[in-house]
J.: 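Here it is, the structure in full.
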Number of protein chains: 2
Amino acid sequence: MSRTEQTGTGRRRPPTIHDVAREAGVSRGTVSRVLNGGHNVSPAALDAVNSAIRKTGYTVNRHARSLITGRSDSVAFLLTEPQERFFEDPNFNVLLRGCTSALAAHDIPLLLMIAGTEAERRRNMRYIAGHVDGVLLVSSHSGDPVAAQLHEAGVPLVACGKPLGQGSKVSYVAADDRDGARDMVRFLYESGRRRIGTVSGPLDTPGGVERLAGYREMLADCGLPADDALIVPGDYSRAGGEAAAALLLERVPDLDAVFVASDLMAQGVLAALEKAGRSVPHDVAVGGFDDSPAALASRPALTTIRQPWDRISAEMVRVLLAQIGGDDPAAVILPTELVRRDSA
Amino acid sequence: MSRTEQTGTGRRRPPTIHDVAREAGVSRGTVSRVLNGGHNVSPAALDAVNSAIRKTGYTVNRHARSLITGRSDSVAFLLTEPQERFFEDPNFNVLLRGCTSALAAHDIPLLLMIAGTEAERRRNMRYIAGHVDGVLLVSSHSGDPVAAQLHEAGVPLVACGKPLGQGSKVSYVAADDRDGARDMVRFLYESGRRRIGTVSGPLDTPGGVERLAGYREMLADCGLPADDALIVPGDYSRAGGEAAAALLLERVPDLDAVFVASDLMAQGVLAALEKAGRSVPHDVAVGGFDDSPAALASRPALTTIRQPWDRISAEMVRVLLAQIGGDDPAAVILPTELVRRDSA
DNA sequence: CTGAAAGCGCTTACAG
DNA sequence: CTGAAAGCGCTTACAG
């Protein structure tokens with residue numbers, strides 16, 4: 001080794017492209033070419049460089065690379081949620097975990113950013129521009145301006161769920177909410193239920209809107225009368241589900257089924273039904289949405305609509321990386337599946 | 001502006017220290033000094049630079065800075081867990097969220113890394129060295145070698161919970177598990193219970209070991225006989241708690257209380273008791289540990305020991321940043337608190 | 001207190 | 001296919 005080794009307890013100076021070049025007997029340019037795909041490199045040089053890399057234990061200094069390429073080779077996972085709902089909701093975990101490993105397969109680190117307050121949002125936006133190649137956006141209330149801001153700033157972006165009011169300029173990945181809702185309502189109908197209520201999601205969210213639309217469509221398809229008394233909006237929280245169900249029972253005493261737009265709310269619905277002395281599924285059938293861990297933890301276990309979270313996170317990463325690579329925005333809609341358990 | 005602006009749809013070239021220097025009428029060195037604390041800068045220069053920064057909208061290019069300082073100004077949150085337990089366990093969320101915002105306050109991004117498999121672990125270890133200033137390590141089975149490896153590699157490191165077998169060379173932050181367990185058992189005793197069993201955590205985890213030790217100590221302090229039939233090891237999962245409670249009931253039919261080493265397991269214990277026809281808390285009192293969201297979601301709501309998660313995450317970040325700044329390792333033990341609800 | 005200059009480790013036209 | 005050279009944007013002794 002020609003450079004001075006550091007003494008003492010510190011870490012050693014890590015090998016650079018320079019060390020590799022000397023070891024391999026080529027120029028630094030050639031080493032760099034090998035690192036970046038090996039184009040225009042002779043087989044002999046390629047071999048020499050590769051074994052020099054192994055021998056020296058070289059890994060690229062990403063800061064130096066980023067300085068020149070302008071890319072950071074990192075991606076942000078941005079959570080815009082005023083409430084702590086996302087952390088209450090197990091879906092979030094699955095999504096975060098899925099995105100982390102999909103990115104890891106490309107050796108791209110995920111920066112977790114949480115924008116609960118306006119100040120945090122500003123801080124995050126400032127950081128994102130110039131420090132991150134793209135953003136995976138998870139935000140329930142899609143009224144918020146983050147998607148628009150990022151899009152305007154030219155930051156590659158994929159949302160989880162369709163961002164309301166963004167046209168189709170912003171990429172997103174979503175489950176087929178409407179179709180899933182239709183499946184559940186059809187299932188309830190086919191098992192003989194005729195007074196089917198619903199606890200919807202918030203109506204400023206795509207899931208809230210679409211699942212309610214599916215419910216309405218299928219009710220009509222089945223020839224059941226539309227009745228606004230059967231519809232109570234929820235807020236995706238457990239407590240909200242419980243309150244909504246209580247209201248529903250008061251308004252519709254002969255209720256025999258409820259389609260609930262999330263499993264967490266369905267837990268609350270189950271609690272309300274138990275308090276009211278209605279047995280599930282005998283008196284009232286309950287269908288959830290998500291197939292989150294909450295569905296299994298419920299008693300009785302929830303019959304629900306599975307969102308394919310693993311595929312959702314994988315597609316979000318795929319679309320984002322494509323977009324960073326220059327592709328145009330794209331929307332991906334993934335099919336859902338009815339999972340039958342004990343609540344309906 | 002003297003440099004050429006890019007045309008077309010791309011983002012503009014962001015301002016550099018060079019633009020700020022020209023705007024302020026000083027050298028780039030002076031701008032840099034202002035950026036790094038403003039030492040050895042005259043008030044006039046400082047003002048000029050600061051307003052030039054505002055005017056140009058300058059933000060530092062962290063890659064360039066990192067290239068020269070050798071620091072990345074980022075921190076990894078490394079989750080070492082073969083099972084998906086951490087994502088089932090709501091505690092994880094609170095911890096992750098807390099660390100993210102504590103770091104955000106210092107403008108330091110958190111890189112989320114999940115090492116579920118041996119391959120992922122190797123990948124993460126490779127990334128960490130040289131790409132991250134320090135690591136927040138969250139790992140339940142502390143038998144794993146990650147803490148030792150990181151420590152050996154000279155990476156600043158703070159663990160959540162004491163890493164078994166690391167002596168005191170590795171920093172960690174933990175709740176006072178033993179004391180919390182003592183409090184719960186004392187509480188059960190004082191409410192008249194005399195056949196107090198326990199479902200412990202895994203005995204290769206510090207929480208498992210310490211909470212069991214606290215249980216034993218307090219039983220002795222209360223003059224209750226030690227009886228191994230009263231002790232069943234669990235695995236921190238809901239299903240594990242249910243199985244453990246079933247076993248306990250079989251071995252100790254006159255059981256009148258259980259101290260369960262986690263809220264999630266306590267949910268399983270409640271399920272087992274219900275199946276066995278024992279009412280809670282009348283027949284059997286149940287005390288949990290964590291005060292996670294699971295404690296409130298349980299029915300009846302869990303009497304439990306609160307771990308101060310917000311403080312734990314804040315302290316983890318504080319200790320890590322201190323260590324990155326050159327401080328020696330430190331251990332921080334935080335007090336717990338008994339939260340009384342309906343299960344005991 | 002301040003400027004000029006070297007250099008961090010890499011990539012990329014450029015000329016051959 | 002390959003090397004020499006410029007340059008990405010910053011920090012930091014160094015000399016004044």
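Any value given below was found using the heavy atoms of this structure, including those in side chains, with hydrogens, waters and symmetry copies removed. The chains referred to below are lettered A, B, ... by the order of the sequence lines, with proteins before strands, and numbering in each begins at 1.
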J.: Just grab all the salt bridge (charged side-chain N to carboxylate O under 4.0 Å, His left out) pairs involving residues 318-332 of chain A, residues at least two apart or on different chains.
T.: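 Residue pairs with at least one partner in residues 318-332 of chain A: A/E315-A/R318.
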J.: In whole angstrom, what separates A/R71's CZ from C/dG9's P?
T.: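 Interatomic distance, CZ of A/R71 to P of C/dG9: 20 Å.
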J.: What's the CG-C1' distance between A/D19 and C/dG9, to the nearest Å?
T.: 11 Å
J.: Quote, to the nearest angstrom, the P distance that separates D/dT2 from D/dA6.
T.: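 Per the computed distance, 22 Å lies between those P atoms.
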J.: Specify the separation, in whole Å, of atom NE2 of B/H18 and atom C1' of C/dA4.
T.: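 Taking NE2 of B/H18 and C1' of C/dA4, I get 13 Å after rounding.
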J.: Any base atoms under 4.0 Å from A/S32, or only sugar-phosphate, or nothing? Heavy atoms, all strands.
T.: base
J.: For A/Y127, check ring pair (Phe, Tyr, Trp, His ring centres under 6.0 Å) against everything at least two apart and list the hits.
T.: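 So A/Y127 forms a ring pair (Phe, Tyr, Trp, His ring centres under 6.0 Å) with A/H131.
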J.: In whole Å, I'd like the distance from the CG atom of A/D73 to the P atom of C/dT11.
T.: 10 Å
J.: Once salt bridge (charged side-chain N to carboxylate O under 4.0 Å, His left out) is applied, what residue pairs with a partner in residues 50-63 of chain A remain, sequence neighbours excluded?
T.: A/E23-A/K55, A/R62-A/D107
J.: Show me, range against range, the stems involving DNA chain D, built from at least 3 consecutive Watson-Crick or G-U pairs below 3.5 Å.
T.: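 Correct response: C:1-3 with D:14-16, C:5-12 with D:5-12, C:14-16 with D:1-3.
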J.: Name all residues meeting the side chain to side chain contact (heavy atoms under 4.5 Å, CB included) criterion together with B/S42; count only those two or more places apart in sequence or in a different chain, and write none if there are none.
T.: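 Side chain to side chain contact (heavy atoms under 4.5 Å, CB included) check on B/S42 returns B/A44, B/A45.
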J.: For DNA chain D, find the residues of residues 50-69 of chain A with a heavy-atom distance under 4.0 Å and give them by number; none if there aren't any.
T.: A/L67, A/I68
J.: Can you name the side chain to side chain contact (heavy atoms under 4.5 Å, CB included) partners of A/S66, sequence neighbours left out?
T.: B/H63
J.: Just the table, please: protein N/O against nucleotides 13-16 of chain D N/O, every pair under 3.5 Å.
T.:
| unit_1 | atom_1 | unit_2 | atom_2 | d |
| --- | --- | --- | --- | --- |
| D/dA13 | N6 | B/R33 | NH2 | 3.4 |

J.: Run the side chain to side chain contact (heavy atoms under 4.5 Å, CB included) test against B/T69 and tell me which residues pass, sequence neighbours left out.
T.: B/R65, B/R71
J.: Who pairs with A/R122 by salt bridge (charged side-chain N to carboxylate O under 4.0 Å, His left out), at least two apart in sequence or on another chain?
T.: A/E118
J.: Where along residues 34-46 of chain B does a heavy atom fall under 4.0 Å from DNA chain C?
T.: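 Per residue number, the list reads B/N40, B/V41, B/S42, B/A45.
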J.: Among residues at least two apart in sequence or on other chains, which ones pass side chain to side chain contact (heavy atoms under 4.5 Å, CB included) with A/V34?
T.: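 With neighbours one apart ignored, the set is A/V41, A/V49, A/N50.
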J.: Using modelled atom types only, decide if a donor and an acceptor are shared between the side chain of B/S171 and the backbone of B/A330 within a distance under 3.5 Å.
T.: yes
